[in-house]
Amino acid sequence: MSGFAAILRPGGAPVDPARFEAVAGAAPHRSPQGVSVRVDGPVGLAHLAPASEGERQPLVDPASGVALVFDGRLDNRRELARAGLGPADGSDGALALAAYLRWGEAFAERLLGDFVIALWDPARRTFLGARDPLGIRPFVYAVATDGTLVCASEVAQILAVPEIDREPDEGMVAECLTAAITSLEDTLYSGVKRLPPAHLLLADDQGIRRRRYWDVDPARTVTFATDCEYASALRELLLEAVACRLPSTGPVGVDLSGGLDSSTIACFAASLAPGRVEAFSLVHPGRTFDETPWIREVIDATGLAWNPIVPRNPAWSLALGQARRNRDLPEYPNSDCFEDLWRRAGERGIRVLLTGAGGDDLLFGSELHLADLLAAGRFREAFARRPPLRPLLRSGLWPLLPGRFRRTVRRTTGRGIPSFVRRELSRRVGLADRIGQPVPGAAMPTCAQQDHYRSTFGGWGVHFHEMFERLAARSGVVPRHPLLDRRIVEFALALPEDQRGRDGVDRFALRGAGRGMVPPRILRRSDKADFSEDLATAIESAGGRGAFERLLVEERGWVDGAAARRLHDRMSGLREREDPRWIDPVWPLWMILAVECWLRALQGDRR
């Protein structure tokens with residue numbers, strides 16, 4: 001895994017190389033062999049990458065002096081080569097630099113892939129940062145008290161600069177406690193921000209500003225005459241998305257869970273790179289969420305070499321260490337186990353691991369389609385499945401109410417805010433408005449499309465990308481997500497809703513696209529494993545109910561400890577009775593402990 005760092009001093013003041021190297025080196029796991037640094041007057045650029053990557057950055061154009069760091073991958077290399085930007089087998093960084101020299105600030109919208117870019121244009125005296133459209137690669141930045149702009153892959157790098165404001169950002173704290181992260185730019189620190197996906201960060205003599213460079217076209221529609229045509233079009237996009245993520249040589253891994261999304265990616269990869277693909281799976285013998293039988297269906301059909309991994313149990317001690325190390329929230333217990341999978345893949349010589357991430361957000365039918373049916377007067381279809389009263393109100397009627405009315409209801413009733421979040425905190429940060437705000441960007445025409453857009457581009461999804469990437473960075477294995485290819489995102493958001501869900505069958509088009517390649521039993525699978533047990537295990541390892549005694553987050557006035565303990569008692573009682581509703585409180589309870597971990601690390605720093 002790789003990363004970057006950049007620094008821009010105000011007023012042309014020179015960068016202190018030793019100080020900048022401390023910033024770049026604060027994430028040593030991203031570059032075990034060291035960091036490549038370029039300092040030129042007021043600007044410093046650093047590339048963090050394994051020595052095996054080959055290309056040495058920062059890159060500099062001799063004629064213009066433009067210097068660039070590129071961290072990531074391009075998926076449209078052939079298209080850029082046809083535009084005369086360089087050979088298709090040239091480096092991604094060189095193609096990105098040539099694109100900037102050709103198109104200026106408009107270059108980012110022409111790049112497909114997962115990337116962050118930092119560049120300095122000396123003729124314009126302009127620093128430019130760019131983040132990929134879905135936020136797969138992280139980009140954090142801050143302005144120090146002396147006006148210095150610092151950008152990096154991780155918060156820990158930013159905090160290597162002493163002049164950065166480390167006070168907690170209570171708005172983001174409240175979102176985390178609510179388990180409803182909507183912000184695309186805030187972090188847990190008031191002085192540290194994230195560059196939102198599909199945005200440029202520009203800094204020059206006029207100041208620092210952000211600009212969106214790309215968004216989906218809300219007016220686009222995908223229309224075919226038959227289901228087979230929809231399936232065929234999606235299959236072609238999937239094949240291309242998998243193919244452009246395969247390394248040109250050597251082995252490639254696939255994270256195979258046994259679900260429809262990862263199984264589809266595994267089968268497509270096996271057909272495109274026969275003999276080169278190995279499957280890696282987390283298995284849980286004897287537990288209710290073990291998916292080994294489903295995984296074996298794919299292994300038997302494809303003949304892939306299979307590496308089953310029994311992960312370690314989540315532990316509170318691990319979470320505390322992660323918070324101290326990352327200066328951020330610890331990993332989520334149900335994703336922390338992926339480190340075991342990635343480590344095994346690395347031991348097998350795998351450097352690229354394909355995943356099935358994204359299918360649930362883009363290709364799964366939305367409950368809010370009920371609102372669209374009601375709005376269109378299609379009452380027979382809306383009530384065909386006899387929705388219970390609560391889903392009817394939540395998914396059918398609530399989305400159709402005026403936005404101003406919904407905001408008023410949230411403010412007056414605290415709708416969506418857990419009882420343990422202190423009212424004073426909620427009022428202070430405007431939490432009801434924060435968690436109810438729409439995702440900035442395209443105004444999608446239907447409630448269902450708005451729901452898919454929010455899942456794909458909203459704060460919670462981007463937050464998970466950032467957490468996932470940070471965890472992977474420690475393994476040396478790079479995860480790649482074909483279903484989050486920009487071309488698939490644009491296609492999926494333009495699909496009619498009955499291609500996502502129909503007659504109780506979710507991911508309808510994806511099942512059609514996999515026909516003949518994915519085992520029929522997988523294509524018929526309708527359930528999904530739930531890994532909430534991992535969160536419950538982590539909570540119990542922290543002390544169970546006792547973990548919610550003497551909380552720092554309670555001392556700060558953020559959490560009502562008694563309400564948190566009552567919620568834990570409710571979860572425990574439901575779990576003992578094997579009532580599936582025990583899952584509802586587990587995420588908020590874990591988020592209390594996650595913020596507690598971070599706050600302990602922060603206060604430890606201050607001591």
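For the residue pair Ser2/Asp71, the side-chain donor-acceptor check at 3.5 Å is satisfied. For the 3.5 Å distance criterion, the side chains of Asp361 and Tyr453 fail to qualify, holding no donor opposite an acceptor. In the model, Glu175 has a side-chain atom that pairs as donor or acceptor with a side-chain atom of Thr182 under 3.5 Å. Side chains of Glu331 and Asn326: a donor-acceptor N/O pair is present below 3.5 angstrom, by distance only. Of the N and O atoms on the side chains of Tyr100 and Asp61, not one donor lies less than 3.5 Å from an acceptor on the other residue. Thr264 and Asp261 share no side-chain donor-acceptor pair at under 3.5 Å.
Between His47 and Phe70, the shortest heavy-atom contact is NE2-O, 3.4 Å. Between Ala345 and Phe280, the shortest heavy-atom contact is CA-CE2, 3.5 Å. Taking both residues in full, the closest heavy atoms of Pro311 and Leu282 are given as CB-CD2, 4.1 Å, listed atom of the first, atom of the second, then distance. Closest of all the heavy-atom pairs between Arg470 and Leu329 is NH2-O, 2.8 Å.
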Going through the checks in order, is the side-chain contact (heavy atoms from CB on, under 4.5 Å) test met by Leu128 and Leu200?
CA-CA 7 Å; Leu128 180 149; Leu200 301 179; 4.3 Å; yes

Evaluation steps, salt bridge (Lys or Arg N to Asp or Glu O under 4.0 Å), between Glu278 and Arg348:
CA-CA 9 Å; Glu278 292 190 32; Arg348 295 282 299 167; 3.0 Å; yes

Report the C-alpha separation of Arg30 and Glu469 in whole Å, then their side-chain angles, then the decisive distance to 0.1 Å, and conclude whether the salt bridge (Lys or Arg N to Asp or Glu O under 4.0 Å) test is met.
CA-CA 11 Å; Arg30 291 182 176 270; Glu469 192 276 348; 2.7 Å; yes

Under the salt bridge (Lys or Arg N to Asp or Glu O under 4.0 Å) rule, what do Arg211 and Glu105 come out as? Steps first, then yes or no, please.
CA-CA 10 Å; Arg211 177 173 72 77; Glu105 291 178 13; 3.4 Å; yes

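Note on Asp186 versus Arg194: no salt bridge recorded, every NZ/NE/NH1/NH2 to OD/OE distance being 4.0 Å or above. Salt bridge absent: Arg480 and Asp114 never bring a charged side-chain N and a carboxylate O closer than 4.0 Å. Ionic pairing of Arg210 and Glu185 is present here: one or more N-O contacts between side-chain nitrogen and carboxylate oxygen are shorter than 4.0 angstrom. For the pair Arg343 and Glu347, the salt-bridge criterion is not met [side-chain N within less than 4.0 Å of a carboxylate O]. Salt-bridge formation is not detected for the pair Arg9/Asp16: no Lys NZ or Arg NE/NH1/NH2 atom is positioned less than 4.0 Å from an Asp or Glu carboxylate oxygen.
The aromatic rings of Trp214 and Phe457 sit tilted relative to each other, their planes meeting at an angle between 30° and 60°. Classification of the His465-His481 ring pair by plane angle, with boundaries at 30° and 60°, yields parallel. Using bins of under 30°, 30° to 60° and over 60° for the plane-to-plane angle, the ring pair Tyr332/Trp587 lands in the perpendicular bin.
Leu80 CG to Asp92 CG: the interatomic distance, rounded to the nearest 0.5 Å, is 9.0 Å. For the atom pair Arg327 CZ and Leu159 CG, the distance stands at 5.0 Å (nearest 0.5 Å). In this structure, His29 NE2 and Leu48 CG are separated by 9.0 Å, a value rounded to the nearest 0.5 Å. To the nearest 0.5 Å, the span separating CG on Leu202 from CD1 on Ile208 amounts to 10.5 Å. From Ile136, atom CD1 reaches atom CZ of Arg131 across 8.5 Å, with rounding to the nearest 0.5 Å. Taking CZ of Arg276 as the start and OG1 of Thr249 as the end, the distance is 6.5 Å to the nearest 0.5 Å.
Both cation-pi conditions hold for Arg110 and Trp103: the charged atom is under 6.0 angstrom from the six-membered ring centre and inside a 45 degree cone around its axis.
Ring centers of Tyr213 and Phe107: at least 6.0 Å apart, outside the cut-off. Residues Phe468 and Phe338 place their aromatic rings such that the two centres sit under 6.0 Å apart.
Residue-environment remark: CZ (Arg78) stays at or below the threshold of 12 foreign heavy atoms within 6.0 Å. For Arg312, the CZ atom counts as densely surrounded, since its 6.0 Å shell holds more than 12 non-hydrogen atoms of other residues, nucleotides or ligands.
When the options Arg77, Glu79, Arg73 are evaluated for a side chain to side chain contact (heavy atoms under 4.5 Å, CB included) with Asp75, the one that passes is Arg73.
Using a 4.5 Å heavy-atom cutoff, the side chains of Leu237 and Asp485 are not in contact. Using a 4.5 Å cut-off on side-chain heavy atoms (C-beta onward), Leu8 and Trp120 make contact.
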